[in-house]
Structure formats: C-alpha cells, structure tokens
Q: 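Take a look at the following structure, please.
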Amino acid sequence: MTHALDDTVPRALARDTMLQLALDAEEAMTIVRKDDHVARMYDNEQELLQNAVERHMVMATTHRPWTGDVDRDWSFRSGGYANAATILRFCDYLGHPLPSAPDIEGLYEAALAELLPTDGTVRDGSAAVTITCRRIRSLRAAGQAAESLALAAALDRREFFYGTGAEPRAGDLDFEIGASLLELGQAGQVHAALGELTQTYWESTEARHYSTRHRHSFVLALADRATDHTRRAVTRMTQALDHLTGFRIADIRHDVYELSLTLTLAELSADGSGQAVGLAEQALAIAERVRGRWGVAARARTPLSEAFRRVYGDIALLASRLRGPKAAELGLRVCLAAKQTGLATQMRAEASLLPTQLQGLVDQVLRAERIDQREQGADADAARRLRDEQEERLAELHRQIEKRVNPILAEMTLPTPTSLAALLRAIGDRHALDFTALPDTLGRRTNWFRTLTAPDSVVMFEPFDPGAALTHYVDGRRGRESGDRVDLDLGSPDWHQLGDAVLPGELRRRLAAATLAEPLELVVSAHRELCLLPWAALVIDTAGTRLVCRAVLAQTPVLTCLSDSPPPAVSGPALIRLVSLAEQGVSIESELRAWGLELSEDERVPLSRRTLDGQQLDLPGSPRISALLRDRTDCGLIHITAHGHGHGLDQHLALPEETDTAGRLSAGFALALHWPESTLMVSCQVGAVTNAEDTEPVGLVVAVLTGGGRSVAAAIEKVANLPTGRMAARLVQLVQQSGIRLDHALRLAQLSFMHERVANWALFNAYVR
C-alpha cells in the first residue's frame, strides 16, 4: 500500500523530539528569568539562551555553605548541569549550537552523579527520573538511537520509578524505547517491547489515570503506521488524544503534548479521512497558543522561533497535500501566521534608531508581552487568571496604538490572529498572491508555498519550486558590489522561465484573458528571494508579453496589511524635495521640468509645496519634511528625489536639511511621522522591502505605510540616474492628470519606457496597504 504521506513516522518523531526539547529548554530558561533580573532584560533570545547556560553552569560549580546537618550543594549542582545540558541539546538539535558548548552528555552524567552517589543512596528520586529521561532523549536527538535504547532498556522499571513520585514519566520512557526502535528501523519490535505493558501497567493500575499514558499509545500508533496498519494507527492515536484531553491539566506541557498528537493524527488521517483539515486547524491554534505563552516572536533568528516555523512548515505541507477549499484556506492561514510580525523585539534591539516617543511605546509592548513571573508559582486557576489579565493588557495596548498611531503599527507590534473573512473582504475585486518559504521538521530543505486569492473569494494553495532560474538571478543581484555601475539588462535572465516558475498556472490563464486596456489588479506579498524580483518584467506567454502589460501590480509587506478599499487617486497639494547635484544629490532636470520648478542661484531646490496643476503654495512652517510631517498635513503627495542607502530601520534618504538626524531621514525616524496617502521616492534601493524568513520587512516603505500612507512607489535596488529621472517625470505628468492612483500611474509610466533596457523601468515597485 502506498501512502500519500510516506514520511509521517520520521516527521512525527522529529517534530515531537523538537517540541519536547523546546519545552525542557523553556523550563530551564524560566528558572534564569525568575531568579536573575539581568536575564529578564534580554530581548535577543540567542543571548538569553547563552546567558542561561552560563548562569546554570555557575549554579553547578559554586559552593554554597549551608547551615544545619545536610549539605544541599548537590541539588544546585545537579540542576545546574542538567539545565545547561538541556538548553545546549535543544540549540544543537535546531542547528543553532551555542559557542564554546561543553560536552552535553558529560553534563547529564555529572548531574546524575550528584543525585546517585557511589554509596548506593538516591538523593532525589524524582529528579533522577526526570534527568535520566532527558538524557535518553538527548542521546536519540544526537543520532545515537542505539545508545538511547540500551540505556532505557537497562533500567529496572520497578526500581527506577518506585517511590519517586515521578511514575507518570513512564509514558516518556515508553515513548523513547519505541522511538529508538523506529529510528533504528525496527518498527516490528516496538509492540513486542511495549505491548504487554498495555495490560499490566497502563490499564490495570492507577496509571490508567495518568495523562502521560498517551505517550505509550502514541509510539505504538507510529509503529502501526510504520508496519502498514494505518487504520489501527488512526484508532490508537484518536484514543491517545481523547485520553490526554480527558486527563489533562492546565499546564503548558500538556499543550505541547496536544500539539504533537493533534498534528500527527491529522497527518495519519490524510490518507482518506475527512477530519484531517479540522485537526490541522486545531494544531495551528494550539501552536499559536504555545508560542504566545513562550513569548516567541514569530520570525526572530532564534531556536524557539525556528521550532515554530518548522511546525508551521509541517502544517503547510499537510495543507498542500489535501484537497478542497478548506485545505487551501488552512494553507493561507498558516503561511500568514508564519509571516506575522513581532516588530517590537526588532525595534527594541535598534532602539537608538527610533524617536523617543516610539521607544517608550516599544518598551510598553515588551513589558506587556513578558510572562508574569507570578504564574510560575500559581495553581492552574490562578495561572489562567494571570494569562487572562495579560491578554486584556495586550488587547488594550493594541487599541491604544491603533488609535494614537496607526492600525498597521498596532498589527506589526502586537499581531492578532488573521481573520480570513476580513482578509478576503479587503482583497475585494483584486487578485492576491502570497508567497512563503518555510522549513519543516525533517529539515531537508526549504519548502515554497503560494496562494492565489481570486475576486470570487476562491483560495488556491499549492507548493511550488521556484527553480534554478530564480536562484541564478538572485545570486547575480546579490553579487553586485555597491559601487558597480547599474546592470541595465539585470543579467539577462530568461524572463519567461521565471514567469512560468513563479506565477501559478491559474493566474497565467486569467492574465491571458486580460488586456492592455483592461488589466487585472494584482497584489503580491513576496518572501525571501522573491523580494528581489522585478515583477513587472516577468514574461507570461510565448509571445513575450510582460506581466505589467496585463496587470496593475502592487506589492504589500504582508496581506494582512491590506485595507478594505484600494488606494485612492493621487491628490494635492504636493510636497516636493529634489536634492540636486550641488547638494551631492542626483540629476533632477526631468523632474524639475515636470513640476515647473527651477534651480536657485546656488543650484539648489528647496522643499516646495504645489498644487497638482503647478500653482506655488506657501510652506506652513519649517522647510523640512520631518518637521512638516510630525503633525498631520493637508498634502496628498510627497515626491522625494535623493540618494538612498541602507537596510531595515537604518534605511534612509539623504536630505541635507534634516540636521536633527545628521542629514538623513531614516525608516526608524519615519515611523513616527504622519505620511500623506501617496509617496514617490526616486532613490536607490529604498523600495527594497526584504521580507526575509527570519526578520521583519522593515524599511522606509513600511515606515511610510505605517505612518498613514496608502501607496508608495520606490526602487528595489540601485537604479540609473537619467533614465530613472525621465520615468519619474513621466509619472509626475500622469498624476497631474486628475483621478489616477499612484500604482496605476507607475504602470503607465513603465509601459512608456518598455522599449528601453529592463533596469530603466522594471525596478520600481508600487506598495499599497
């Protein structure tokens, strides 16, 4: 019998191992956060993990004189060694080994030596059981399944658990025995090793009430699947999940157990049961709940974040293998969850780049997100109340940011679960493409997914291979030195091959029915390498038709940023700042003519305010853009031409008059300004909204959209001076005609220059919210 998901067993084992290691590591870090006020100040998880290991090693090696007759140093030493080993193993398993890490297995041995001295006594039976189980899992996670199995099988179960108070950990021990056999390719021996315990222990003793009994059933179900008894595996897994639900307690460990069981049951059910989508939706909800409890930013470059991205990747893979609209919607939801922002952490790390009022706001967000340490010592009901209080604080802060600053900043700093119904309403009559690249728990490669949402609210979700053509193109673009001349042909890629690889077949069919005069409205949310692609230049058919000929293209950092209505037509007055060569700027002759402006005697062009039909208006206040935009302005368009540099919050425009910020208008500073509905930035690379897998899409474009902008036009990389000025001038002429949107004007300007080399027109994107 051939299964659609023939990697179910190794995937379930890898995912469960990862989640259990993450759970143990989080518990070890909680000790440090609780007892060390310095550790609570870390916002970078990698630094926190390293600090936690160091603190636990100090605990393990520091002598503490105790009063009384019993020296309890062994307890601190054992806990310190074990917790350091636990964090190190988790980081190593995720491919993020911490620097100068000591031998992990040696640390576990040292921890157990403190609990089991050579005189035959047992100082703490419960701790000995817990650390031994962690050591067995650690060996298996390190690829030493035979050693893990030998250690687990050598234990005298009655003596090992007797009187320790840790008897429920028998479920974990059973799981490790079965998992080791499965990883050794001995699935047929799992039932022989564990099956008889079903009657003698898990059904005939008080253990039948342990919630951890599900671990025993879990690994037997995996053995059933591995030996081609899928129906029996589904039945056993369903019983395991029912048992966990019936005997669970209000503890994060049980949420992790439930996530592992639920997603695995969804995968087992994918061979024909209609319940797979519902189970996968439940798994996504549990994953979001666990991630929220651990305070993990969705896309930070950290081990815990990597663990959740792998879970998201597994759910997306499952959704792509299922059929029907519900599966497609699930695929879109999980990709949006994976790309959802946690901008406050990144903003805190670069707080020096932010204006004062935003620094205070970010501090409020981080304090509200921090787990209440009182919860660690609370009972289940009290812990639940503390969580409810925290969620209310976060919701109120979200409302305050939305009201005082902007809905986008509220969503980027305190993201809320995506409502697909609201998203589909926002997309409206447009087509929308979402791209997401995710790892999975088997870790073999990055998987790409794309979702096409059509105006009839039909959602189509599928995996795809972007192909070697994209890799070749991106490597060529990334390989450019900043001082190189602009490659006007962009490496001469096969634009048709790129279009075939990236654009879904259904979208290409719909584009074929569109015309130059009646194009599709297409919004794209790119990811990773696709952020560097000049979408307008893609060829969609054998006749050589460019995508821009059949579609009005707009980009968005994430689809959840879209407003319910498309961006409005460009309106005036316009603020115009063209930085001339005399100010170490660029050639601006074409744009001067378009606006009817002239160079002053010193060959400079100060900030100007004009109606769209060319009438000069007075400037209300300081001749600096930042000063004018601190309060809401009546202008509907800003046109800036200047040098652009940098990435992230440090991405900036070179504006000499911005003396408060050393002649720069940076993305970090721009976040605090009130931007008009339309912005045109004629500068190199400030349109590069790099939506990477593990960092947030931050830059000037995002800052403008966050600050109230509805549409932005900007270049994604270095552009040639004179051709860019000509195209910008053409765009200005178009917006001076009443009633045209900025994204529509950009398309028409690009169409005007399509006879020229690709870099002269295709490197500008329109961004909308």
Side-chain angles (χ1 to χ4, degrees), residues 426-435 450-455 470 473 490 495-496 498-504 506-508 510-527 529-541 544-559 561-563 566-567 569-570 678-681 687-689 691 697 701 705 709-717 719 724 727-728 730-731 734-735 740-754 758-769:
I427 293 171
D429 292 334
R430 295 172 283 190
H431 288 74
L433 268 179
D434 179 82
F435 295 92
R450 63 189 174 200
T451 310
L452 173 64
T453 304
L470 177 64
Y473 174 79
L490 303 182
W495 296 107
H496 187 206
L498 280 171
D500 276 350
V502 171
L503 300 174
E506 176 61 26
L507 177 62
R508 293 199 302 273
R510 293 180 180 229
L511 288 166
T515 65
L516 187 67
E518 296 184 5
L520 295 182
E521 295 265 356
L522 179 60
V523 179
V524 177
S525 175
H527 199 206
E529 293 90 329
L530 294 179
C531 296
L532 297 174
L533 199 61
W535 291 81
L538 295 180
V539 171
I540 60 174
D541 56 30
T545 306
R546 301 279 189 181
L547 179 57
V548 72
C549 296
R550 296 290 182 267
V552 178
L553 285 166
Q555 307 279 325
T556 186
V558 285
L559 286 181
C561 286
L562 286 180
S563 300
V570 177
S678 304
T679 297
L680 169 61
M681 293 187 286
V689 181
N691 198 327
V701 166
L705 295 175
R710 294 292 309 280
S711 186
V712 183
I716 62 174
E717 61 172 77
V719 289
T724 299
M727 197 182 77
R730 176 59 182 147
L731 194 152
L734 289 164
V735 300
I740 190 169
R741 288 165 29 185
L742 189 61
D743 52 344
H744 283 225
L746 176 61
R747 173 179 180 260
L748 293 177
Q750 290 176 321
L751 291 174
S752 299
F753 290 91
M754 279 185 58
V758 177
N760 284 354
W761 56 271
L763 292 176
F764 269 78
N765 278 346
Y767 291 89
V768 300
R769 74 163 177 88

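Heavy atoms only: backbone and side chains are in, while hydrogens, waters and symmetry mates are out.
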Q: Could you grab the distance from atom CG of Leu553 to atom NE2 of His744, nearest 0.5 Å is fine?
A: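 Reported to 0.5 Å precision, the distance equals 10.5 Å.
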Q: Once you round to the nearest 0.5 Å, how far does OG1 of Thr515 lie from CZ of Arg550?
A: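 Going from the OG1 atom of Thr515 to the CZ atom of Arg550 covers 7.0 Å.
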Q: From Trp495 CH2 over to Arg546 CZ, what is the distance, rounded to the nearest 0.5 angstrom?
A: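 Reported value, rounded in 0.5 Å steps: 7.0 Å.
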Q: Does Trp761 reach the side chain of Arg730, with side-chain heavy atoms less than 4.5 Å apart?
A: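 Result no, sub-4.5 Å side-chain heavy-atom pair not found.
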Q: Does Arg747 reach the main-chain N or O of Cys549 with its side chain, forming a donor-acceptor pair under 3.5 Å?
A: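 Yes, the answer is positive, given that a donor and an acceptor are paired below the 3.5 Å cut-off.
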Q: Measuring from His431:NE2 to Glu521:CD, what's the distance to the nearest 0.5 Å?
A: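 It comes to 10.5 Å.
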Q: Is any side-chain heavy atom of Leu532 closer than 4.5 Å to one of Glu717?
A: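 Contact flag for Glu717/Leu532 side chains = no.
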Q: Run the numbers on Leu503 and Leu433 for side chain to side chain contact (heavy atoms under 4.5 Å, CB included), then give the verdict.
A: CA-CA 9 Å; Leu503 300 174; Leu433 268 179; 4.0 Å; yes
Q: Below 4.5 Å, heavy atoms only, C-beta onward: do Arg450 and Pro504 meet side chain to side chain?
A: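 Side chain of Arg450 against side chain of Pro504, heavy atoms only: contact under 4.5 Å found.
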Q: Among Leu763, Val719, Asn760, which residue satisfies the side-chain contact (heavy atoms from CB on, under 4.5 Å) criterion with Thr724?
A: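 Testing each of Leu763, Val719, Asn760 against Thr724, the sole residue satisfying side-chain contact (heavy atoms from CB on, under 4.5 Å) is Val719.
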Q: With heavy-atom distances below 4.5 Å as the criterion, would you say the side chains of Phe764 and Leu731 are in contact?
A: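 They are not in side-chain contact.
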Q: Tell me, do Leu705 and Pro557 make a side-chain contact under 4.5 Å, heavy atoms counted?
A: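 Counting from C-beta outward, Leu705 and Pro557 do come under 4.5 Å.
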Q: Quick check: do Arg430 and Leu562 have side-chain heavy atoms less than 4.5 Å from each other?
A: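 Arg430 vs Leu562: side chains touch.
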Q: Which distance, rounded to the nearest 0.5 Å, do you find between the OG1 of Thr545 and the CG of Leu538?
A: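 Going from OG1 on Thr545 over to CG on Leu538, the span is 12.5 Å.
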